[in-house]
Amino acid sequence: MGAARTRSTPLPGIGVRYDLMTREQRGLSVVAHRDGSRTLSTYRGDDPDACALSVRLTGPEAQALADTLQPTHHSPNLLSTTELGLVAERIALSSASYWNGRLLGDTRMRTETGVSIVAVLRRADAIPSPGPDFRLAGGDTLIVIGTREGADAAAAILGRE
């Protein structure tokens with residue numbers, strides 16, 4: 001069987017729709033909404049235009065589903081850091097966090113934990129290499145790389161309310 005192919009269709013004002021036809025000729029689609037949420041839909045085999053199921057997922061729910069479908073430790077396209085003693089993790093910042101509205105540099109993350117914050121995911125945007133003057137916001141997801149202990153310490157610091 002060849003590689004699966006998706007077709008994308010821009011949906012002005014909404015986002016992008018991605019369609020996939022499975023080997024069993026079942027249609028799947030994902031609408032990536034501009035607010036970061038996703039709608040996953042499947043279509044009936046006997047009528048490819050009839051939606052059989054549609055589920056709206058928040059951004060974190062969609063990420064959790066993606067992680068179960070393709071765990072990062074099995075992805076050949078991602079840098080494998082485990083043999084180097086490093087982990088890469090996502091840490092969500094709640095709106096009740098002490099750090100909501102504060103500067104990234106104020107966390108002293110690298111000094112206190114040894115981890116590096118390599119990106120921040122905010123809504124549908126990714127901010128690579130945020131500097132110390134970057135202002136954190138509730139709902140942000142911080143991508144950290146460091147030791148297991150450092151990542152755990154970072155999660156504890158960022159979880160402070």
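Keep in mind that the numbers below use all heavy atoms, side chains included, and drop hydrogens, waters and symmetry copies. It should be emphasised that the depicted structure is a prediction, and the values quoted were computed from it without experimental measurement. Throughout, residue positions are numbered sequentially from 1 according to the sequence presented.
Taking both residues in full, the closest heavy atoms of R34 and G13 are given as NH1-CA, 3.6 Å, listed atom of the first, atom of the second, then distance. Across all non-hydrogen atoms, the minimal contact from A88 to I145 is CB-CG1, 3.9 Å. When every heavy atom of G27 is checked against every heavy atom of M21, the shortest pair comes out as N-SD, 3.9 Å. Across every non-hydrogen atom of A151 and V87, the tightest pair is CB-CG2, 3.8 Å. Considering all non-hydrogen atoms of both residues, E112 and T107 come closest at CG-O, 4.2 Å. Nearest approach of T113 to A153, heavy atoms of both residues: CG2-CB, 3.7 Å.
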Tell me, with the steps shown, if R38 and Q63 meet side chain to side chain contact (heavy atoms under 4.5 Å, CB included). CA-CA 10 Å; R38 303 290 189 263; Q63 185 58 54; over 6 Å; no
Could you walk me through whether R17 and D19 satisfy the side chain to side chain contact (heavy atoms under 4.5 Å, CB included) test, starting with their C-alpha distance in whole Å, then the side-chain angles of each, then the deciding distance to 0.1 Å, before giving a yes or no? CA-CA 7 Å; R17 176 179 167 156; D19 294 295; 2.7 Å; yes
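Cluster membership check: I91 shares its hydrophobic cluster with L93, using side-chain heavy-atom separations under 4.5 Å among Ile, Leu, Val, Met, Phe, Trp and Tyr. Residue V120 is grouped with residue Y98 when hydrophobic side chains (ILVMFWY) are merged at heavy-atom distances under 4.5 angstrom, including chains of intermediate members. Both L104 and I127 sit in one connected hydrophobic cluster of ILVMFWY residues. Membership requires side-chain heavy atoms under 4.5 Å apart, directly or through other members. Residues L65 and V31 fall into different hydrophobic clusters, defined by Ile, Leu, Val, Met, Phe, Trp and Tyr side chains chained together at heavy-atom separations under 4.5 Å. One hydrophobic cluster, built from ILVMFWY side chains closer than 4.5 Å, holds both L121 and V118.
Under 4.0 Å is where a charged nitrogen must lie from a carboxylate oxygen, and between R108 and D106 no such pair does. Salt bridge status for R56 with D35: present, with a side-chain N to carboxylate O gap under 4.0 Å.
Using modelled atom types, one finds a donor on one side chain and an acceptor on the other under 3.5 Å when comparing Y43 with S29.
For R44, the salt bridge (charged side-chain N to carboxylate O under 4.0 Å, His left out) partners two or more places apart in sequence, or in a different chain, are D46. A search for salt bridge (charged side-chain N to carboxylate O under 4.0 Å, His left out) contacts involving E61 returns nothing, not counting sequence neighbours. Every residue meeting the side chain to side chain donor-acceptor pair (under 3.5 Å) condition with S54, not counting sequence neighbours, appears here in chain and number order: S41.
Listed for the W99 side chain is a donor-acceptor partner under 3.5 Å among the backbone atoms of I157. Under a 3.5 Å cut-off, the side chain of R135 and the backbone N or O of G101 do form a donor-acceptor pair. A donor-acceptor pair under 3.5 Å links the side-chain atoms of S97 to the main chain of L158, judged by distance alone. No side-chain donor-acceptor contact under 3.5 Å links D140 to the backbone of R122.
A distance of 12.0 Å separates OG1 of T141 from CZ of R123, quoted to the nearest 0.5 Å. The distance from atom NE2 of H33 to atom OG1 of T58, rounded to the nearest 0.5 Å, is 11.5 Å. For the atom pair I143 CD1 and R90 CZ, the distance stands at 4.5 Å (nearest 0.5 Å).
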